[in-house]
Protein chains: 2
Amino acid sequence: MAPMDTITNDLRDDILSGQFAPGDRLLEIQLAEQYDCGRAAVRSALVALTTEGLVEREENRGASVRRISITEAIQITEARSVLESLIAAQAAKHALPDDHAELRDIIEQMRSTVANDEGKAYSELNRLLHRRLREMSGHDIAAELVANLRNRAAHHQYRLAVMPGRSADSLDQHAAIVDAVVSGDEAAAADAMTAHLESVIEVLQRWGDANVR
Amino acid sequence: MAPMDTITNDLRDDILSGQFAPGDRLLEIQLAEQYDCGRAAVRSALVALTTEGLVEREENRGASVRRISITEAIQITEARSVLESLIAAQAAKHALPDDHAELRDIIEQMRSTVANDEGKAYSELNRLLHRRLREMSGHDIAAELVANLRNRAAHHQYRLAVMPGRSADSLDQHAAIVDAVVSGDEAAAADAMTAHLESVIEVLQRWGDANVR
DNA sequence: GTCTACAAGATTGTTAACATTTGGTCGTCG
DNA sequence: CGACGACCAAATGTTAACAATCTTGTAGAC
């Protein structure tokens with residue numbers, strides 16, 4: 001009834017949206033019922049999500065939502081940093097005038113959400129901006145890798161979003177990225193993106209130091 | 001009889017070693033027989049390798065070894081470039097004296113194979129060097145991504161290895177990387193790695209221009 | 001009271017049969 | 001001679017039952 005890819009996407013979304021929390025067990029029968037499909041389809045989805053790094057499977061012991069430690073989240077963000085910088089550079093190279101307008105518009109909307117303290121909306125615009133930059137870059141490989149890395153650290157990203165005063169800093173950094181992309185300056189775009197993610201890493205690091213022991 | 005992970009690894013190896021060429025169909029029954037297991041295990045392996053980017057699957061039409069175009073191979077190498085530079089920097093930061101000795105030893109062996117024109121052996125040392133750098137870096141995330149990217153472009157890498165005069169250039173570049181890592185200079189290590197992979201990209205680009213129309 | 005042995009339940013792993021889809025072949029008709 | 005359509009074979013997709021494995025709870029011995 002439901003093709004395998006659909007299950008994979010649905011389950012991925014449900015994990016990312018927090019309906020299944022890190023550590024939660026993923027029982028095949030239960031999922032089969034929930035998504036109205038056979039166990040085989042669920043198994044395939046679990047295998048796929050395991051190689052994506054979102055799910056952990058142990059022989060004869062079943063699957064569970066993978067827990068991501070802080071140190072791992074930092075490494076993920078470091079990898080994202082270099083890849084997104086590549087993307088930003090390529091976006092600066094390939095973006096068209098229409099794209100420029102769209103990027104500027106996103107920044108304006110972000111500015112508005114920050115002024116009104118709408119954390120949720122800001123977070124969505126954040127995702128949108130990064131996604132559009134990936135698409136504009138034309139670099140399918142880097143785009144795919146970054147999308148995956150983002151998913152893996154989604155939980156930690158979430159905590160970041162609700163940190164007080166973080167949106168303001170973040171907004172400036174995003175504006176700088178867009179400025180560089182719009183002006184077609186590849187190196188500046190890459191640098192701005194690196195600076196942005198360095199700042200994210202710093203926050204993660206501080207949070208880790210404060211909470212781990 | 002054979003656990004799923006084993007099949008996945010075996011099939012991956014057989015694809016990378018060229019026993020299954022790009023475009024070759026991967027029939028479930030045939031593979032089940034070849035690896036002495038059920039179709040279910042084969043299916044799981046195919047799903048896993050599909051999300052790894054090595055296999056292509058089409059609904060109701062079966063799986064085949066994914067073909068990688070030159071432009072895709074270039075993008076793969078570009079992504080590898082930034083990730084391996086990150087790895088080189090981390091390796092420079094974390095490598096211990098024993099590691100330094102090992103790296104220098106690998107370079108010496110490489111020098112010997114180049115002098116004796118042993119392309120095959122050089123290629124293996126090449127892989128070994130990159131792998132050890134990944135391990136020394138301690139950056140599991142970047143290491144995993146690079147390993148995957150290397151697999152995806154394995155076929156094009158192969159063509160590179162047999163190019164005349166390429167080993168000599170490559171050797172100098174690798175020596176530069178090791179020098180930087182051994183001296184603990186993170187930035188220099190990253191730059192040397194970038195230079196190395198830029199050179200690989202250039203070769204791919206020239207080959208592409210010469211062969212695609 | 002704690003530890004071990006064992007049995008019951010739950011869950012994954014495997015197999016086999018069945019259903020569906022695809023692609024091609026052959027034959028007929030225009 | 002070419003085009004259309006019905007069949008047929010091959011392969012994938014799906015389902016259900018069975019086997020193997022792990023976990024949990026319990027009873028008994030020390």
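Here is the naming used below: chain letters follow the sequence lines, and residue numbers restart at 1 for every chain.
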Donor-acceptor list for residues 54-67 of chain A side chains, cut-off 3.5 Å, not counting sequence neighbours:
{"from": "A:Arg66", "atom 1": "NH1", "to": "A:Glu72", "atom 2": "OE2", "distance (Å)": "3.1"}
{"from": "A:Arg66", "atom 1": "NH2", "to": "A:Glu72", "atom 2": "OE2", "distance (Å)": "3.1"}

Scan nucleotides 18-25 of chain C against the protein and return all N/O pairs shorter than 3.5 Å with their distances rounded to 0.1 Å.
{"from": "C:dG23", "atom 1": "OP1", "to": "B:Arg61", "atom 2": "NE", "distance (Å)": "3.2"}

Let me know the distance between CE of A:Met4 and P of D:dG13, rounded to the nearest Å.
8 Å
All pairs passing ring-ring contact (aromatic ring centres under 6.0 Å, His included) where residues 118-145 of chain B contributes a residue, at least two apart:
B:His130-B:His174, B:His130-B:His196
Mind calculating the distance between CD (A:Gln30) and C1' (C:dA10) to the nearest angstrom?
13 Å
Starting at atom CD of B:Glu58, determine the distance to atom P of D:dG13, rounded to an integer number of angstrom.
11 Å
Out of D:dT15, D:dG13, D:dA11, which has the shortest distance to the side chain of B:Glu28?
D:dG13
Could you tell me whether A:Arg206 and A:Glu202 make a salt bridge, using a distance below 4.0 angstrom between a side-chain N and a carboxylate O?
yes
Measure the distance from CZ on B:Arg57 to P on D:dA11 and round it to the nearest whole Å.
16 Å
Is there a donor in the side chain of A:Gln109 and an acceptor in the side chain of A:Asp105, or the other way round, less than 3.5 Å apart?
yes
A:Leu27 CG to C:dA10 C1', straight-line distance once rounded to whole Å:
9 Å
Presence of salt bridge, B:Arg127 and B:Glu124, under 4.0 angstrom
no
Would you say that A:Val181 contacts A:Met136 through its side chain, given a criterion of any heavy-atom pair below 4.5 Å between the two side chains?
no
With sugar-phosphate meaning primed atoms plus P, OP1 and OP2, does B:Leu26 contact a base, only sugar-phosphate, or nothing at under 4.0 Å between heavy atoms?
sugar-phosphate
Within the pair A:Arg43 and C:dT12, is there a side-chain N or O less than 4.0 Å away from OP1 or OP2?
no
